[in-house]
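Below is one structure; the comments refer to it alone.
Here the structure is a predicted model, which is why all the values come from computation and not from measurement. Values reported hereafter were calculated over all heavy atoms of this structure, with side chains retained and with hydrogens, waters and symmetry mates removed.
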Amino acid sequence: MDHKGADTPSIAYKVFTFEESKKNTQESLSVSIPEVLDPQYGMYVWPCAVVLAQYLWTQREELRGKTVLELGAGVSLPGVVAAKCGAKVILSDSTKTPLCLENCRRSCEANSLHDVVVMGIIWGEISPDLVLLPKLDIILGSDVFYEPQDFEDVLVTVAFLLRKNPRAQFWTTYQERSADWSIEALLYRWKLNCVEVPLETFDANKSELAGSNLPGRHIIQMIVITLKTEDVGLFGGEAD
């Protein structure tokens, strides 16, 4: 039997279009995201990514020239949108999943992004690569609070980065899957502040978004995580 191509993933490109009308002009942005269709890869665009990307689109003027790191990027929709809005973007995923890192690069190629850095990060580990990251303005995470056993590792990484960049913010979306899963105690432990951003404030409270049928009926929350105020005052000099 000929097994040629058996390990080659099946890829489909999905287009997402973000639009906004202002006065007599209409602005829009379309990005093409490769999804790996083979079940063992599981690299799809999930509802959280579309909501976060919509938020980035509405903040595009603020993003211009900012340095942005996406954690657990996978298909990289939020990171790609940030880059197309003029941000300097670093995409990251686990060093243990090289196929995800490969797909980050594929997403960049699909959208003619040649200056985006792709790197491996393991949540919860303070690696030399993490320490040597440039000054960050915004950290992104789409559905990174997926497995409860990963929650603290994610926040260890986020807390380290925010202490290194005290003026930075962590913009993240998550899908409510269980009322028993909460990061509140972990935020308190790591001295982090959390503010919810209502979806209606950035036109994300729709059953269809950016030309897709996502997020559909899923319950998505958008939150901004920062250092508690006293920690910003203590470490604020590092950000200058």
Which donor-acceptor pairs under 3.5 Å do side chains of residues 73-90 form with protein atoms, sequence neighbours excluded?
unit_1	atom_1	unit_2	atom_2	d
S76	OG	G74	O	3.2
K84	NZ	N111	O	3.2

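Within the structure, salt bridge (charged side-chain N to carboxylate O under 4.0 Å, His left out) contacts touching residues 94-105 (residues at least two apart or in different chains) are E102-R106. The salt bridge (charged side-chain N to carboxylate O under 4.0 Å, His left out) contacts involving residues 194-211 comprise nothing, where partners must be two or more places apart or lie in separate chains.
Side chain of T17 to backbone of A210: no donor-acceptor contact under 3.5 angstrom is found. Panel note: side chain N103, backbone P34; a donor-acceptor pair is recorded below 3.5 Å. The main-chain N or O of V45 is found under 3.5 Å from a side-chain atom of E35 such that the two form a donor-acceptor pair. A donor-acceptor pair is defined here as one N or O able to donate and one able to accept, closer than 3.5 Å; such a pair exists between the side chain of N165 and the backbone of L136. For the pair T95 (side chain) and G120 (backbone), a donor-acceptor distance under 3.5 Å is absent.
The only option from Y55, F18, W57 that meets the ring-ring contact (aromatic ring centres under 6.0 Å, His included) definition with F202 turns out to be Y55.
Within 6.0 Å of OH in Y188 there are 12 or fewer heavy atoms belonging to other residues, nucleotides or ligands.
The cluster map of Ile, Leu, Val, Met, Phe, Trp and Tyr, joined by side-chain heavy atoms under 4.5 Å apart, puts F151 and I223 in the same cluster.
Contact check for S92 versus L69: side-chain heavy atoms found under the 4.5 Å cut-off. Residues K191 and L227 have side chains not in contact (no heavy-atom distance under 4.5 Å, counting atoms from C-beta outward).
Listed by chain and number, the residues in a side chain to side chain contact (heavy atoms under 4.5 Å, CB included) with V131 are I126, F160 (sequence neighbours excluded). Applying the side chain to side chain contact (heavy atoms under 4.5 Å, CB included) test to Q169 and every residue at least two apart in sequence or in another chain returns W171, V224, T226. Considering only residues two or more places apart in sequence or on other chains, E125 meets the salt bridge (Lys or Arg N to Asp or Glu O under 4.0 Å) condition with none of them.
L209 and V51 make their closest contact through CD2-CA, 4.1 Å (heavy atoms, listed as atom of the first residue, atom of the second, distance).
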